[in-house]
Amino acid sequence: MKLKNLLLQRIYILQWLPKYSRVDLISDMIAGITIGLTMMPQSIAYASLAELTAQYGLYSAFMGSLIYVIFGTIKEVSIGPTSLMALLALSYTRDLPVDFVILLAFLAGCVEFIMGLLKLGFLVDFISTPVVSGFTSATSVIIIVTQLKGLLGLSFRSHGFLDTVWYFFTHVKDMRIPDATIGISSVIFLLFFRKLKDIPVSNKALKKTLWFMSTGRNAMIVVMCSTIAYLFDKTGSVPFKLSGKVPSGLPKFAFPNTTTTVGNETYTFIEMCEKLGSGIIFLPLVAVLANVAIAKSFAAGSIVDASQEMMTLGLCNIFGSFVQAMPTCGAFTRSAVSNASGVRTPLAGLYSGTLIILALTFLTPYFYFIPKATLSAVLICAVMFMVDYQIIKPLWKSNKFDLFLTTITFVISLCFGVETGLMCGALINIIFLLKIWARPVIHMETCISDNNEYILIIPEVGLFFPAVDTVRQTICKIATRLGKDRLPIIIDCSRILRIDYTAHKGIENLIKTFDKKAQLLLFLNVNPDILNQLKKITDVDDYQFCNSMSQSLERLFGFRNKLAKEITCPLLINENEKNNIIRQNMRKFSLDFELELIENYVDQVVFLAEHGGLRKQSVDEAPLRNKYFFGEGYTYGSQLIKKGRGMERLYPHDEIEPIPMWLHDLVINPLVKAQIIPEGFINSVVINDYQPGGCIVSHIDPPHIFDRPIVSVSLMSDGALSFGCKFTFKPIRVSEPVLCLPLSRGVVTILSGYAANNITHCIRPQDTVSRRAVILLRRALPEAPRLPQIEFPVKLNKAYYENQSLSKRNDKVYKKSTSKSFLKRNGGIVKKNATSRKTFFSDNKQFCLNTFWLNN
């Protein structure tokens, strides 16, 4: 059984191949051919960037695609040559024979495989997004400047970015007009065709044609310019520089050369490795960083097996070196094309790899006529949009240190090389992390419970030896200055997951200090493992360690927390004074900066939905209220009206977006840790986004679909959640409000028993005075009924989709009619609220799309 599980985990094709269908076959074939047409001209261009002949780019394009079919886990990933790998390979093998490039690919593959085997992927996590942004932008600028030489037909040799810029301006007067003409024309063509897919057309066939032309623009321009060169060659001489002769056929499958000759000097394997230097480690690190980032970006919220991805990338490079390939990894551009082409499984790589093999077998004589200026244009247009200038504005507003990181990485990469820039950026990152460990942030609140005061202290992160003295001194200062050496102190240790021996002794000294002052000190939510270690090393009293706030208050003041009792009691509507008291004393769900982070992610969900980034069934729009479904979806409202109560059904699997990692990290896991819900309980999440005066209906949670309890987290503003309210349109059930619970920003409410069973919980318009977000966390029952899976293509579904289109048109009319009067009265508020969000995300569209699934 263990062997079977290991084979299923590592030979990933065994998981999806038994379920492979004819629809998958057609989809993968279309996607694979599309990727192949994209990769073919790019591979030739990337080979020229690495100062290799065209065939080496094509050799690098097919083996990785074929290997990833068997071991790869993400269907959108396409392994092959990239501009980043080409530039790095050039920086370590400049003026060296091609044997060094091939050996570098082999050694990089070995390092990547070992990293995956030893689960060393966490090393890549020390390179933050701002550092990666600066590194990627600098790489793009270097490639663009380097390719200007080929674009304009210039001839000179240079080393480094500044050297290239100097030689470019001193040689620009020697520009060849024919090369410049065909190069600049190619750039214009590529940029124009890149936008073809965005032209709004109603005709589906025309829209698909424009999309295919836009996707295949690289292949089209290469064919067109090669044809022009061929015609010139037939009539006499060709006026522009050509790629030159490319050997026909497939390379010999053999182990890379471990010895080579440069001039009259023979290099052994050890000497070749010494010549490659830090590239043996640095290049695979960058490749792993790029590949795992792409995998996470296209994993649709599911967990990425980083170790499997690293081992697979290693195998792709190892076997690639056997066919004389340069170092390879995944590319965002190819993955985006694959995703847009409707890829279903990694088998698409079989078709793209086969297309490259056919090109090597039959088309190599024609590669001779590809103009170098055209290849430079392909490269420039491929990387110019990787310059991440959009990140500057949000970093300036949110975190200037990250902006400094991006800038310093960018500048050092340009001046001293991309490998130096990335290492410097990562080093500064690590120093910053060490500072956090050595000087953790300590949050402090003065709290009142039944007229009894105490101080709540919440240290951040783990507690290790560099931070012990600082934390102990800070707590003592708080106890003296704010507590007057008399107020009880509660230290919430829920965020401290590990401590070392020095920290154990520091805690022991802290307890002794407070004992001498006769000042009460309690530790709340201490990790059981830490507590056991403390008992083994130091002499501690169990009385000082509590598992809940109510237990802490009982030990401090001799009574149980009355607040917990009050919250569970029904609160009648309009009892404003009582609601305010509870709001003031209710403990926050999480810290303010975490709430702001959650709210930022909610905005990203809204942004993705507005730009088509979420699946159709995951979004439900209504006047001034939108809902976004994750995990187990739910059909509601219209089902109940048409079919009757108890006939509601879940959508089929895979028609709803998976639950993103940020929801697990920032919302679900803290609730599990606080013992509000059991681990693994939540499998359905709904984000409700209400504008001022928003739509009343929130959710219907029938017990034959959803388990109890249902947990609600309120964000962005205060308000009230009501149960059993009257509806203003098409009433499903009509009843007076029976319960109103206060929902301060960031407070959790548990809906169970009479408060959720068969009662619709709603937001009343009068309670939504400013924008409001409510995250509902639920568990769909395993036996819950579902709608039938929709198969493609099926002729019987035509009527279904016609009805859907009609429903959409009716929805638009409905929204327009119902929201008109409200917008007339409150247009200013709505416009102001919407504009601030849309301005930010429209300025940072790509940043949000790339980081929504990636940040976790």
Side-chain angles (χ1 to χ4, degrees), residues 29-49 54 57-58 61 65 76 78 80-84 86 140 143-144 147-148 150-151 179-201 203-230 240 242-243 330-343 348 351-352 355-356 358-359 363 366-367 369-387 846 849:
M29 184 182 295
I30 294 170
I33 293 172
T34 306
I35 298 164
L37 291 173
T38 303
M39 187 158 49
M40 194 185 305
Q42 282 186 347
S43 301
I44 298 171
Y46 295 146
S48 69
L49 175 61
L58 295 170
S65 298
E76 290 87 359
S78 170
T82 66
S83 56
L84 182 58
S140 304
I143 292 172
I144 291 170
Q147 293 306 305
L148 286 176
L151 189 76
D179 287 277
T181 302
I182 198 169
I184 295 172
S185 300
S186 298
V187 171
I188 295 171
F189 175 91
L190 290 169
L191 294 178
F192 175 75
F193 270 68
R194 183 178 182 269
K195 285 293 183 182
L196 274 184
K197 66 179 184 300
D198 300 327
I199 297 175
V201 290
N203 187 291
K204 290 185 178 179
L206 179 59
K207 187 177 181 64
K208 196 69 177 176
T209 302
L210 292 177
W211 177 85
F212 191 79
M213 290 173 65
S214 178
T215 303
R217 61 188 180 277
N218 291 331
M220 290 174 62
I221 192 63
V222 168
V223 171
M224 290 167 58
C225 293
S226 300
T227 304
I228 294 171
Y230 177 78
F240 22 76
L242 301 180
S243 296
F332 265 109
T333 51
R334 291 197 295 268
S335 295
V337 169
S338 180
N339 185 56
S341 302
V343 67
Y351 302 106
S352 58
L355 197 64
I356 300 298
L358 292 174
L363 300 180
Y366 304 103
F367 293 155
F369 296 101
I370 300 175
K372 288 187 176 181
T374 301
L375 294 179
S376 295
V378 169
L379 274 173
I380 289 171
C381 292
V383 302
M384 65 165 47
F385 298 101
M386 291 169 59
V387 179
Q846 197 57 45
L849 289 172

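Heavy-atom basis, side chains included; hydrogens, waters and symmetry copies ignored.
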Non-hydrogen side-chain atoms of Leu37 and Phe212 separated by less than 4.5 Å
yes
Can you see which heavy atom on Lys207 is nearest to which on Lys197, and at what distance?
NZ-O, 4.5 Å
Non-hydrogen atoms of Gly57 and Pro81 that approach each other most closely
O-CG, 3.7 Å
May I ask you to decide if Lys372's main-chain N or O and Ser243's side chain share a donor-acceptor pair within less than 3.5 Å?
no
Counting C-beta onward and ignoring hydrogens, is there a side-chain heavy-atom pair between Ser65 and Ser352 closer than 4.5 Å?
yes
Ignoring hydrogens and geometry beyond distance, is a side-chain donor-acceptor pair present between Ser376 and Gln147 at under 3.5 Å?
yes
Once side chain to side chain donor-acceptor pair (under 3.5 Å) is applied, do any residues pair with Tyr366, and if so which ones, sequence neighbours excluded?
none
Can you find a heavy atom in the side chain of Ile221 that is under 4.5 Å from one in the side chain of Phe193?
no
Should Ser341 and Ile35 be marked as a side-chain contact (heavy atoms from CB on, under 4.5 Å) after you check the CA-CA gap, both sets of side-chain angles, and the distance that decides it?
CA-CA 9 Å; Ser341 302; Ile35 298 164; 5.6 Å; no
Measuring only between side-chain heavy atoms, which start at C-beta, is Cys381 closer than 4.5 Å to Arg217?
no
If I compare all heavy atoms of Pro41 with all of Leu375, which pair ends up nearest, and what's the gap?
O-CD2, 4.3 Å
Between Thr82 and Arg334, is any pair of side-chain heavy atoms under 4.5 Å apart?
yes
Would you list the atom pairs, donor with acceptor, under 3.5 Å between side chains in residues 180-188 and any protein atom, with sequence neighbours excluded?
{"from": "Thr181", "atom 1": "OG1", "to": "Ile177", "atom 2": "O", "distance (Å)": "2.7"}
{"from": "Ser185", "atom 1": "OG", "to": "Thr181", "atom 2": "O", "distance (Å)": "2.6"}
{"from": "Ser186", "atom 1": "OG", "to": "Ile182", "atom 2": "O", "distance (Å)": "2.7"}

Trp211 side chain near Thr34 side chain, heavy-atom distance below 4.5 Å:
yes
So, do Met386 and Leu84 sit near enough that their side-chain heavy atoms are less than 4.5 Å apart?
no
